[in-house]
Amino acid sequence: MYNFKKIEKKWQDYWSENKIFEAQDKSNKEKYYILVEFPYPSGAGLHVGHVRSYTALDAYARMERMNGKNVLFPMGWDAFGAPAEQYAIKNHIHPKDAVLENIKTFKKQIQDLGISFDWSREFSTTDPEYYKWTQWQFLKFFEHGMAYKAKKNINWCPNCKTGLSNEDSSGGICERCGSSVIQKEKEQWMLKMSEYSEQLLEGLDDTEFQDRIKTAQINWIGKSTGAEVTFPLKEVDNALTVYTTRADTLFGVTFMVIAPEHPYIDLYQKQISNMDAILQYREQTKKKTEFERTQLVKDKTGVKIEGLTAIHPLTQREIPIYISDYVMMGYGTGSIMAVPAHDERDYAFSKKFGIEVIPVIEQITGTPRENEQKKSSIVAVLYDEKTDKYLTINWGEKGGRLFIGGTRNEKETHLACAKREIIEETGYTNIEFVTEILPINHHYYAYNKNVAYEIDSIGLLFKLIDDTKIEQQLDEDEKGNFTLEWVDKKTILNEVKDELHITTFNNILNPGVYTGDGKMIHSEFLNGLTDKHECIDKMIQYLEERGLAKRKVNYRLQDWIFSRQRFWGEPIPLIHCDTCGWVPVPYEDLPVLLPDVTEYEPTDDGESPLAKIASFVNCKCPKCGKDAKRETDTMPNWAGSSWYFLRYMDPKNDKEFVNMDKLKYWGKVDWYNGGMEHATRHLLYARFWNQFLYNIGLVPNKEPFNIRVAHGMILGDGGEKMSKSKGNVINPDDIIKEFGTDALRTYEMFIGDYEKDASWSTNGLKGCKKFLDRIWRLQNCINDGKGYTKEALVHRTIKKVTEDLQNMKYNTAVSALMILLNEYEKQKSVSKDELRTLIHLLNPIAPHITEEINEQSHLGEMLCKSNWPQYDKDKMVEDTYQMVVQVNGKVRGKIIVESGANREKMEMLAKEIPNVRAHIENKEIVKVIVIPSKIVNIVVK
RNA sequence: GCUUGUGUGGCGGAAUUGGUAGACGCACAGCACUCAAAAUGCUGCGGUUUAUAACCAUGAGAGUUCGAUUCUCUCCACAAGCACCA
């Protein structure tokens, strides 16, 4: 057959020796910057997942080069950080050496794939020539007041002995080792990322990120619009300020909650009479890990503050104040107004502490109409514990299945009304009231009376004690029209259609809060309004006019904790002098090199290993010359990856971090591919970093990336993540050895939708290998002909493959080429033009074998140097085409139509088909729908 | 709980300004070649039935339409991300 190993080696050497894929910094060609996230060179080696995204972007890069563009497609290494350090500790080698070793393996593996990276621009974030500039940029942050050191309760991993950012410890679990994260107070360098919240949000409009990535970023930034409302305190001359997004529910406030760390507790110790209990609670909270604090969501705890009371700003009612750990000091003002009727958490708290619930929003069902008559009513649900069934009234065709309902007289309570209705309509007398739910505002139209009603309805639940019954007392119109039926929950959910009744039932099953929209009640000037946003606005305005509130926007995005107490990171280039404070290392002294030592394991007290190295720590103050100490924290491994895409434009520059002319030529990254796991952290850090550089005039674009695309994962054969423990890891090296790179590449493109996860199948891979073999054998069938026999098909395929590669639809691009091959094989022989076009279109995906076929069969210029095939729209049209004939939307036949045919001709041909005739015979033709080139649909009666 | 997705043959997946559902591939079955196997080639391949045809079928149910995998509503399941964010 053919020796794919020899072919692959031959072409990889050719590309490298002739610098085929090196980008030009100055060129008349249009530039295009394609970037794939650089890997973390772990000891595990390359994963088949890497192959997928590298091949995908490689295919696009190769096509764009053939389209005449100057393509920058670089690769490098993100090698600082804990995994490399841990690998080094485990294997007793220096991280520096471990990294070099891993890079070597990775690079060899990637080069075996034949990816068209421009290797002349390769660097690692751990190169001193690179991290010199990372430190240089950190100093820029420092100079502009964007970096500060603060004592903070930080997320601390007791196992890794290091501080973690919120991003690295989400869910209270350490990103790296999986241990529970605890809170620890520590001095940390911070970058003022929260100042950029709005810019980071707005900047998304200047990008073409996939929607799911934009959404992830928007959620992470977490903008919320609301107001700060002031509640005066009764005992002291001060007020408690809360942040709320639901000012409209202010009349429903029945208590307030402040975070355990809230400063008022210390400030007003004298007024607080149960200080002991409060301090004890505060201690308990501190001991809880973040994990415990967030996982035990349902169980609310807290302590009432005795001696400190708030005053409702509008009703002047006294409002008790509690401390509870469900309120966080880090968000808003660290204190909330609690509205138990309309907030799940407040409701749970109020249940536990027996606090009053005041509903201010009434759920609306039905459709409001004009000129409604008002009524008050009840819906009573009777439950029989013994049979686990509910009593319903079945009106049959007259009204379906309902519960007991009735109109309430003005003098009657809801409870009395419900009891009366149950006895009258069912006869059951021995019943017990269980609970009632929040009122529902129901609207309906009675056709028989021609009246529209607005009903305030209360739902009540009763329990049947025993079957004691008296005779029903029915109205004339009720007699004989309904039957009483005890049915189970499932029947009710399926059969009760009336909106009021089924909503009542659902609310009885899940009693508690109502968090939806509705009609305002018990709210003075808001009563009757139904538009939530209008209510919020009205309330804030009302408060603002009286100096009780101000509008406020909050973000969840916090400042970036930039310190790590680890060895293997960029040293933070600052010096602490007792006289001058924090002094930057002078630019000319950069980089601050990591010392060459043998001890680099983290210390038990949480200090950086660098702190133990006297020769590193002790230095002179650059400002006053006195003895001083170096900062020993290092940067997080997100630092190096926050600007690597800029360095690729000018990787060898030792005068500047990147030359401005080059920055301007290359501009934004046009297409950036990476995993969904980086859609929030890395992508947000890099955008923040770049926006900062832009704001101080160091880069020409505010947004660094244009298109951002996330690939799907490759899972194991059974659909699970590949992992050593499951033993389902596929090593790309093994596949390449057995089937060749081109087969692996083609299969990974064919495996499925690029953005979705896909399961590995070695049989699927074999199918792709077979496809390549068949193309190879096509060389034996070359005839003397020129041009294309199936011209329309070839041009359609060119169009399809070109567009599919642009739109990341690699799987259908491969399938289009398979269809073309099937057609060629049916012909039994192909012209050189036909074969050349097929392999040309396949070249971006399977570059080695196609280049070899092209050379061996003398089909023309080397593919990597020739222009991408162009399609001719006029030649895509066939002489005749097939149309479907339907009768009443069902396919009854097909017709072959010449491309010039008119509608009448199509209709005539359609009606001639015997099967169609059979279906329209003796029937009236209502109309005929003709969609040229697609369908004829004859509608009959 | 919230957000975002996704639900199509035995499997991976095609098809959306609404217009032949299942392209392409895998697996499977039969045949050819072979002493035999592998490789290769050819044929078949959603289901049911009274089978040149009809009916059913794109998670379930309703709706709009001449026509719905595609649009609307309700519900269910799964996945990922976020998670006491006031």
Side-chain angles (χ1 to χ4, degrees), chain A residues 1 170-172 211-216 218-220 222-224 226 242-246 249 256-257 259 293-300 324-328 330-339 343-346 348-349 493-494 515 554-558 676-677 679-680 712-713 717 719 747 750-753 755-768 770-771 773-774 777 809 811-822 825 882-894 914-915 918-919 926-931 933-940:
Chain A
M1 192 62 176
S170 48
D211 282 347
R212 58 177 176 154
I213 295 171
K214 277 194 187 177
T215 313
I218 290 166
N219 290 343
W220 197 274
K223 181 176 183 170
S224 87
V242 300
Y243 175 72
T244 180
T245 56
R246 293 298 304 271
T249 61
M256 304 184 77
V257 186
R293 221 172 137 166
T294 51
Q295 286 304 304
L296 306 168
V297 174
K298 272 163 201 122
D299 193 27
K300 295 275 180 290
S324 173
D325 61 4
Y326 86 90
V327 173
M328 306 285 153
Y331 185 81
T333 62
S335 48
I336 61 158
M337 59 180 225
V339 184
D343 182 285
E344 304 263 5
R345 297 150 297 169
D346 298 345
F349 194 87
L493 294 176
N494 280 331
T515 52
N554 262 323
Y555 301 91
R556 281 166 60 191
L557 188 67
Q558 313 239 320
M676 204 54 207
E677 70 275 18
T680 44
M713 273 191 298
D717 211 347
Y747 172 60
F750 187 61
I751 194 168
D753 187 332
E755 293 170 52
K756 288 189 203 143
D757 293 352
S759 303
W760 179 270
S761 149
T762 303
N763 277 328
L765 171 83
K766 284 180 189 162
C768 289
K770 215 151 83 175
F771 165 63
D773 292 349
R774 281 161 63 200
R777 282 197 298 269
K809 291 176 168 280
N811 54 340
T812 47
V814 174
S815 122
L817 291 169
M818 287 172 169
I819 292 168
L820 188 61
L821 171 66
N822 288 345
E825 283 182 339
Q882 182 190 276
M883 283 175 70
V884 170
V885 181
Q886 298 180 334
V887 178
N888 283 349
K890 294 208 152 124
V891 181
R892 301 297 180 194
K894 284 159 193 177
N915 194 31
H919 278 94
V926 182
K927 63 176 162 178
V928 179
I929 292 147
V930 181
I931 313 286
S933 85
K934 284 191 174 151
I935 209 164
V936 178
N937 188 11
I938 302 167
V939 186
V940 296

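Throughout, protein chains are lettered first and strands after them, A, B, ... in sequence-line order, and every chain is numbered starting at 1.
Listed candidates were G13(B), A86(B), A23(B). Nearest to the side chain of Ser815(A) is A23(B). In this structure, the nucleotide among G13(B), A86(B), U40(B) sitting nearest to the side chain of Ile336(A) is A86(B). The side chain of Lys300(A) approaches C84(B) more closely than any other nucleotide in the set U20(B), A86(B), C84(B).
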Please produce a list of atom pairs where a protein N or O lies less than 3.5 Å from an N or O of nucleotides 2-11 of chain B.
| residue | atom | partner | partner atom | Å |
| --- | --- | --- | --- | --- |
| U3(B) | O2' | Asn219(A) | ND2 | 3.3 |

Do any N or O atoms of the protein come closer than 3.5 Å to N or O atoms of nucleotides 26-29 of chain B, and which pairs are they?
| residue | atom | partner | partner atom | Å |
| --- | --- | --- | --- | --- |
| C26(B) | OP1 | Lys770(A) | NZ | 3.3 |

Name the pairs: protein N/O against N/O of nucleotides 50-54 of chain B, kept only if under 3.5 Å.
| residue | atom | partner | partner atom | Å |
| --- | --- | --- | --- | --- |
| A54(B) | OP1 | Arg892(A) | NH1 | 3.1 |
| A54(B) | OP1 | Asn915(A) | ND2 | 3.2 |

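Separation of the P atoms belonging to A21(B) and A54(B) is 13 Å when rounded to the nearest angstrom. Taking atom C1' on both G41(B) and C55(B), the two are 37 Å apart, rounded to the nearest angstrom. Across the C1' atoms, U74(B) and A23(B) are found 33 Å apart, a figure rounded to whole Å. With P as the reference atom, G61(B) and C56(B) are 13 Å apart, rounded to whole Å. On the C1' atoms, A15(B) is 25 Å away from C28(B), given to the nearest whole Å. Across G10(B) and A36(B), the matching P atoms stand 35 Å from one another, rounded to whole Å. Look at the P atom in both G44(B) and G22(B): the space between them is 15 Å, to the nearest Å. The same atom, P, is picked in U49(B) and in C42(B); the two are 32 Å apart, to the nearest Å.
OP1 or OP2 of A23(B) has not a single side-chain nitrogen or oxygen of Asn822(A) nearer than 4.0 Å. Phosphate proximity of U20(B) to Lys894(A): absent, as no side-chain N or O sits under 4.0 Å from OP1 or OP2. The side chain of Asn811(A) places an N or O atom within less than 4.0 Å of a non-bridging phosphate oxygen (OP1 or OP2) of A14(B). At A86(B), none of the side-chain N or O atoms of Tyr243(A) fall inside 4.0 Å of OP1 or OP2 (strictly under the cut-off).
Looking at residues two or more places apart in sequence or on another chain, you find no side chain to side chain donor-acceptor pair (under 3.5 Å) involving Gln882(A). Among residues two or more places apart in sequence or in another chain, the ring-ring contact (aromatic ring centres under 6.0 Å, His included) test is passed with Tyr555(A) by none.
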Go through the steps to decide whether Lys934(A) and Val884(A) satisfy the test side chain to side chain contact (heavy atoms under 4.5 Å, CB included), and finish with yes or no.
CA-CA 6 Å; Lys934(A) 284 191 174 151; Val884(A) 170; over 6 Å; no
Please walk me through it: do Thr244(A) and Ile336(A) pass side chain to side chain contact (heavy atoms under 4.5 Å, CB included)?
CA-CA 7 Å; Thr244(A) 180; Ile336(A) 61 158; over 6 Å; no
For side-chain hydrogen bond (donor to acceptor under 3.5 Å, both in side chains), just list the numbers for Arg892(A) and Asn937(A), CA-CA rounded to whole Å, side-chain angles, deciding distance to a tenth of an Å, and then say yes or no.
CA-CA 10 Å; Arg892(A) 301 297 180 194; Asn937(A) 188 11; over 6 Å; no
Would Lys890(A) and His919(A) count as a side chain to side chain contact (heavy atoms under 4.5 Å, CB included) here? Give the steps.
CA-CA 10 Å; Lys890(A) 294 208 152 124; His919(A) 278 94; over 6 Å; no
For Ile929(A) and Val936(A): C-alpha separation, side-chain torsions, deciding distance, then whether side chain to side chain contact (heavy atoms under 4.5 Å, CB included) applies.
CA-CA 6 Å; Ile929(A) 292 147; Val936(A) 178; over 6 Å; no
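One interatomic measurement links the two molecules: NZ of Lys890(A) to P of G19(B), which rounds to 18 Å at whole-angstrom precision. Here U40(B) presents its P atom at 13 Å from CG of Leu821(A), a figure rounded to the nearest Å. As a whole-Å value, the separation of Ile931(A) CD1 from U20(B) C1' is 14 Å. The nearest whole Å value for the distance from the CG atom in Asn937(A) to the P atom in C66(B) is 10 Å. G12(B) atom C1' lies 13 Å from atom CG of Leu765(A), rounded to whole Å. The distance between atom CZ of Phe349(A) and atom P of A86(B), rounded to the nearest whole Å, is 19 Å. One interatomic measurement links the two molecules: CG of Asp773(A) to C1' of G41(B), which rounds to 14 Å at whole-angstrom precision. The CE atom of Met818(A) sits 11 Å away from the P atom of C24(B) (whole-angstrom rounding).
The two residues Arg556(A) and Trp220(A) have their closest heavy-atom pair at CB-O, 4.0 Å. Annotation for Met337(A) and Arg246(A): closest pair CE-O, 3.7 Å, computed over non-hydrogen atoms. Taking both residues in full, the closest heavy atoms of Leu765(A) and Trp760(A) are given as CD2-CZ2, 4.4 Å, listed atom of the first, atom of the second, then distance. Nearest approach of Thr333(A) to Val242(A), heavy atoms of both residues: OG1-CA, 3.4 Å.
Residue contacts shown for Asp753(A) are limited to sugar-phosphate atoms, with no base heavy atom under 4.0 Å away. When heavy atoms are screened at a 4.0 angstrom cut-off, Asp757(A) is found touching the sugar-phosphate backbone but no base atom. Among the protein residues, Ile819(A) comes within range of the sugar-phosphate backbone only, with heavy atoms under 4.0 Å from sugar or phosphate atoms but none that close to a base. Contacts of Gln882(A) with the nucleic acid, taken as non-hydrogen atoms under 4.0 Å apart, include base atoms.
Judged by distance alone, with hydrogens and angles left aside, Gln886(A) brings no side-chain donor or acceptor close enough to the base of U20(B) to form a pair under 3.5 Å.
The residue among Ser759(A) and Gly222(A) whose nearest nucleotide of RNA chain B lies closer to the 5′ end is Ser759(A). Both Thr812(A) and Thr245(A) lie near RNA chain B, and the one whose nearest nucleotide falls closer to the 5' end is Thr812(A).
For the residue pair Tyr747(A) / Thr762(A), no side-chain donor-acceptor distance below 3.5 Å is found, with atom types taken as modelled. Using a 3.5 Å distance cut-off with no hydrogens or angles, the side chains of Ser335(A) and Tyr243(A) do not pair a donor with an acceptor.
With Ser815(A) contributing its side chain and Asn811(A) its backbone, the two residues share no donor-acceptor pair below 3.5 Å. In terms of modelled atom types and a separation under 3.5 Å, the side chain of Asp346(A) and the main chain of Val339(A) share a donor-acceptor contact. Looking at Asp757(A), its side chain does come within 3.5 Å of a backbone N or O of Met713(A) through a donor-acceptor pair.
Stem list for RNA chain B (at least 3 consecutive Watson-Crick or G-U pairs, distances under 3.5 Å): B:1-7 with B:76-82, B:10-12 with B:24-26, B:28-32 with B:40-44, B:46-49 with B:53-56, B:59-63 with B:71-75.
Look at G22(B): its glycosidic torsion is beyond 90° from 0, and that puts it in the anti range.
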